[in-house]
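Accompanying notes for the structure given below.
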Protein chains: 2
Amino acid sequence: MKRITIRDVSERAGVSTAAVSYVLNGREGKVSQETASKVRRAVEELNYIPDFSARSLAGTRSKLIGVVIPQTEDQKQLLLQNPFYSELVCGIEARLRQSGYHMILSGVDKGEGYLDTSMQRNLDGAIIMGIYQESFYDDLKRVKVPIVLIDSYVNDSYFQTVSIDDEAGGYMATELLVDNGHTNIALVTGLIRKDGAVEKRFLGYKRALKEAGLFYHPDYVFEHSVSYEYGQEAAAAIAAGHPEITAVFASSDLVALGVLRGLSDAGKRVPEDVSVGGFDDIPVARMCNPPLTTVRQNIVARGAMAADRLLKAIEEGEESVADDPSVARLELAIRQTVQRLTPN
Amino acid sequence: MKRITIRDVSERAGVSTAAVSYVLNGREGKVSQETASKVRRAVEELNYIPDFSARSLAGTRSKLIGVVIPQTEDQKQLLLQNPFYSELVCGIEARLRQSGYHMILSGVDKGEGYLDTSMQRNLDGAIIMGIYQESFYDDLKRVKVPIVLIDSYVNDSYFQTVSIDDEAGGYMATELLVDNGHTNIALVTGLIRKDGAVEKRFLGYKRALKEAGLFYHPDYVFEHSVSYEYGQEAAAAIAAGHPEITAVFASSDLVALGVLRGLSDAGKRVPEDVSVGGFDDIPVARMCNPPLTTVRQNIVARGAMAADRLLKAIEEGEESVADDPSVARLELAIRQTVQRLTPN
DNA sequence: ACAAATGGTTAAAACGTTTAACTTAAAATA
DNA sequence: TATTTTAAGTTAAACGTTTTAACCATTTGT
């Protein structure tokens with residue numbers, strides 16, 4: 001069966017294709033009420049569906065958004081396994097769909113290849129998460145397209161960001177542990193990059209310690225990668241080498257889960273022997289055993305915010321959106337892995 | 001800066017655009033070695049990137065694949081929160097990217113809207129998971145495009161499927177429990193749909209019981225929805241109403257996690273008091289506490305298989321692919337939630 | 001009464017590809 | 001040598017939109 005085109009519609013309605021195009025794109029004032037309704041009727045009757053390739057080619061919006069998330073080093077697979085990213089994607093997709101956009105979800109080899117995609121597909125914009133290659137961002141600016149960054153700190157006002165107050169979050173978590181009487185508090189965290197989210201959480205941790213009049217022990221911070229495995233490893237090291245440590249702040253829930261396992265393997269009970277705090281509040285946090293006390297960021301909402309910002313920039317122009325980054329709220333999700341320190 | 005087009009390339013190479021197109025698309029024989037290399041040089045020098053919209057419009061492949069996953073009833077959000085789906089998507093994306101395709105990931109309101117997307121974007125194919133609306137599939141057949149189904153049982157050979165032997169999986173899990181001496185084994189499961197994956201697992205459960213000479217108690221099957229919450233609920237009911245039950249087979253890991261929590265809340269220990277077996281082996285299965293014994297399906301690999309089948313159908317024609325569905329292997333992942341029944 | 005402005009409509013030129021049909025020259029066949 | 005086949009390229013039409021510029025009626029302002 002042949003495709004129904006705008007020409008078919010125009011013939012049926014007895015007008016030109018230009019007129020049809022105008023009403024389809026809501027160019028008010030260009031056509032009369034009467035022709036508008038004739039056209040709408042014809043569209044309805046023929047069940048006309050516009051071809052976005054043609055639209056895009058003709059120089060208007062493609063209504064396609066690129067969404068980039070990191071991928072595993074080895075397998076080149078999307079890091080969707082990390083619930084943090086899947087939640088973000090959920091929030092983004094829902095909002096984009098609602099506005100008639102589609103999302104091309106794709107991993108990139110540290111930046112390589114994304115630009116090609118952007119040009120090939122005439123992307124209207126992009127949401128990019130967790131890429132740290134500086135050079136990538138230089139390239140990115142050349143394609144004149146709005147871009148929103150999530151968790152990819154780059155000091156360049158060209159890009160919009162939707163962030164959270166990571167410093168405050170790190171502070172909140174640590175403060176909770178301090179308030180529960182803990183004084184020897186470890187930090188288990190991914191690589192601390194200059195200006196990165198992880199660094200800010202680390203800064204919040206240090207500030208909470210300082211304000212409580214506690215010493216900051218550099219050897220209480222275990223820094224390597226954000227993964228379950230590393231949490232497990234670090235916990236083993238803590239149990240073996242630092243019996244005085246009674247609390248752990250893991251700067252991401254995934255790591256916290258590993259810590260839970262590592263402690264348990266070392267014969268430590270949580271929270272009786274060691275308290276553990278996490279960060280993110282991914283869905284598993286409430287499903288694991290015991291349920292994880294953590295700093296909640298509404299990840300889905302954050303994705304939606306990113307999409308909103310991007311759409312606004314696309315549809316109303318870059319200048320329309322506020323210069324200040326959107327900052328999502330944080331709160332503590334108190335569950336069962338933090339306990340008051342009982343002197344024994 | 002203006003876009004580099006095929007015309008620019010042709011001028012630089014001193015040939016026609018047709019010639020360029022031929023070498024770009026590997027039309028061997030249409031063009032000599034010499035011109036081919038002239039063209040390739042020009043492409044290189046100008047850093048030419050083809051416009052896929054134009055390609056698509058000109059009637060060739062769009063190199064775009066639709067990937068459809070279910071969404072939450074209320075929020076209209078992708079069900080990516082379910083790790084089962086995110087894993088599949090990882091497998092699919094990696095393979096598609098590798099072959100130069102892109103993926104439009106999208107949720108649909110029980111089928112509504114997908115067809116429009118397919119036409120608007122000239123999708124080359126689709127991978128569809130977990131949609132049960134019969135009517136949806138009728139519509140789907142009208143768009144003449146290869147489609148691979150995952151976990152959406154529809155008895156129609158028009159569609160290709162990549163499945164697992166759910167019956168055998170159900171059998172394996174139950175058999176394990178039986179072999180460990182359990183005789184009162186509950187099944188906690190999502191809605192049992194005719195010909196669905198869940199029904200097959202249920203059938204496997206019954207067969208294992210029967211072959212072991214055990215009674216099948218209809219009131220030992222708890223059937224409602226595949227969610228953490230339901231697992232919790234069912235476990236509470238089991239603990240309260242059926243103290244004789246010493247083992248639970250949950251037909252999905254997400255449910256199993258809920259069961260773990262429900263049992264623990266009811267004061268039952270796992271595996272000392274009750275053994276629990278799951279299905280899927282999502283990543284959390286090994287992270288939870290205690291680590292879940294479950295039936296492993298390599299979800300990522302299954303996604304990749306689906307992508308492979310689809311690409312083959314697209315590039316070599318429908319008839320090229322085998323009629324029989326691909327069936328992925330299953331195996332037991334023995335961890336710590338199943339224990340030999342100790343008579344007390 | 002005439003020029004100017006306005007509102008509605010349209011024809012036709014893009015947009016960047018692919019490809020069917022055609023040309024030409026060289027090679028193969030008779 | 002005269003003809004047919006093959007190889008290598010080219011031309012130009014198509015694909016389905018948007019949009020510019022032109023056109024025609026009216027209405028408005030002098």
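First the proteins, then the strands, lettered A, B, ... as listed; each starts at 1.
Side chain of E93(A) to main chain of G107(B): a donor-acceptor pair is present (N/O by atom type, distance under 3.5 Å, no hydrogens or angles). Judged by distance alone, the side chain of N122(A) and the main-chain N or O of S62(A) form no donor-acceptor pair under 3.5 Å. Of the possible polar contacts, one joining the R3(B) side chain to the M119(A) backbone as a donor-acceptor pair under 3.5 Å is found. Between the side chain of S99(A) and the backbone N or O of Y101(A), no donor-acceptor pair lies under 3.5 Å. Under the 3.5 Å distance criterion, the side-chain polar atoms of T72(A) are matched with a main-chain donor or acceptor of Q77(A).
Of the N and O atoms on the side chains of S53(B) and S56(B), not one donor lies less than 3.5 Å from an acceptor on the other residue. A donor-acceptor contact closer than 3.5 angstrom links the side chains of R121(B) and H102(A). For the residue pair Q71(B) / R97(A), a side-chain donor-acceptor distance below 3.5 Å is found, with atom types taken as modelled.
Residue S53(B) is classed as having no contact, given no heavy-atom separation below 4.0 Å to the nucleic acid.
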Contacts under 3.5 Å, N or O only, protein and nucleotides 13-15 of chain D:
| residue | atom | partner | partner atom | Å |
| --- | --- | --- | --- | --- |
| dC15(D) | O2 | L57(B) | O | 3.4 |
| dC15(D) | O2 | A58(B) | N | 3.4 |

Grab the N/O contacts between the protein and nucleotides 22-28 of chain D below 3.5 Å, and write none if there aren't any.
none

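The nucleotide whose nearest atom lies closest to any side-chain atom of T60(A) is, among dT18(D), dT17(C), dG16(D), dT18(D).
Ion pairing between D156(B) and K141(B) holds under the 4.0 Å rule for side-chain N and carboxylate O. With respect to R95(B) and D308(B), a salt bridge is recorded, a charged nitrogen being found less than 4.0 Å from a carboxylate O.
Computed from coordinates, the R61(A) CZ to dT17(D) P distance equals 18 Å when rounded to whole Å. As rounded to whole Å, 15 Å separates atom P of dG16(D) from atom CD of Q120(B). What separates CZ of R121(A) from P of dG16(C) is a distance of 17 Å, to the nearest Å. The distance from atom CG of L46(B) to atom P of dG16(C) is 14 Å, rounded to the nearest whole Å. Rounded to whole Å, atom P of dG8(C) lies 9 Å from atom CD of Q33(A). Rounded to an integer number of Å, the gap from CG of D51(A) to P of dT17(C) is 16 Å. dT17(D) atom P lies 8 Å from atom CZ of R55(A), rounded to whole Å. At whole-Å resolution of the value, CZ in F52(A) and C1' in dG16(D) are 13 Å apart.
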Donor-acceptor pairs under 3.5 Å, side chain of residues 13-24 of chain B to any protein atom, not counting sequence neighbours: which ones?
| residue | atom | partner | partner atom | Å |
| --- | --- | --- | --- | --- |
| S16(B) | OG | A18(B) | N | 3.4 |
| S16(B) | OG | A19(B) | N | 3.2 |
| S21(B) | OG | N25(B) | ND2 | 3.3 |

Worked verdict on N47(B) versus I4(B) for side chain to side chain contact (heavy atoms under 4.5 Å, CB included): CA-CA 8 Å; N47(B) 187 27; I4(B) 307 280; over 6 Å; no

Verdict with reasoning, L64(B) to D124(B), per side chain to side chain contact (heavy atoms under 4.5 Å, CB included): CA-CA 6 Å; L64(B) 263 186; D124(B) 287 347; 5.8 Å; no

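The stretch residues 9-24 of chain A comes close to DNA chain D through A18(A), S21(A), Y22(A), each having a heavy atom under 4.0 Å from the strand.
Contacts classified as salt bridge (Lys or Arg N to Asp or Glu O under 4.0 Å) and involving residues 37-48 of chain B (residues at least two apart or in different chains) are given here: R12(B)-E45(B).
From one end of the helix from dA1(C)-dT30(D) to dA30(C)-dT1(D) to the other, with five pairs defining each end axis, the axis direction shifts by 50° (rounded to 10°).
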